[in-house]
Amino acid sequence: NSPDSDGCTPELEKAGLLNKTKIAEGGRKLRKNWSPSWVVLVGNSLVFFKDPKSQTLSSWKPGNSRPESSVDLRGAQLHWANELSSKKNVFKLRTVTGNEFLLQSETDSLIKEWYKTIQSVIDRLERE
Ligand code: I3P
C-alpha cells in the first residue's frame, strides 16, 4: 500500500528539525519561547510536532501522532528576519490570520532549502 494509494493523501514535501518560536497570535505580540520542533510540510500546511525524538517521517499521517499546531500556507508571507533575533538564519512566517512564527537553523543550506520549499508552496497556492 503506497502512501498515496487512495489518491487523496496530500504530498509530503519536506520534514526536519528546526528551532521555532511563535511571536504573534492574531496580530498580538507574544513573548518568544524558542524550542526545537519537528516541522513537516505536507499539502498546503506546515505542521509542527513537539517531541522530535518520538517522531518519524510518517508522523504527519492522520492518527499517527498529534501535531502541536498547524499553519495554513494559503496567503501566508515569508521573509528573512535576521533583525528579529540574535540567532542567525532566521525567517518569519506570517499567516493570513496574523499568526507569526520565527524558524531557525544553525545550518545555512538547510534553512535556505526550507525557505525555498515553503515559498514554492505559497506561490503554488497563489496560482490555484
Ligand atoms: C528572550 C530569549 C530569546 C531572545 C529574546 C529574549 O529572553 O533570550 O532567546 O530571542 O530576545 O527576550 P527571555 O528568555 O527572558 O524571554 P533571540 O534568541 O531570538 O534573540 P528579544 O527580546 O530581543 O527578541
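Numbers here simply count residues along the sequence, with the first being 1. Ligands are counted one by one from 1 in listed order, and the atoms in each one are counted from 1 as well.
- Residues Val90 and Ser85 share a closest heavy-atom pair of CG2-CB, 3.9 Å.
- If you look at ligand 1, the protein residues with a non-hydrogen atom under 4.0 Å away are Arg31, Lys32, Trp34, Ser85, Ser86, Lys87.
- For residues 22-33, the side chain to side chain donor-acceptor pair (under 3.5 Å) pairs, not counting sequence neighbours, are Lys22-Glu25.
- The ring-ring contact (aromatic ring centres under 6.0 Å, His included) test applied to Tyr115 returns Trp80, Phe91, not counting sequence neighbours.
- Between Glu13 and Val121 the shortest heavy-atom distance is OE2-CG2, 3.7 Å.
- With sequence neighbours excluded, no residue satisfies side-chain hydrogen bond (donor to acceptor under 3.5 Å, both in side chains) with Ser105.
- Closest approach of Val47 to Pro67, counting heavy atoms only: CG1-CB, 3.3 Å.
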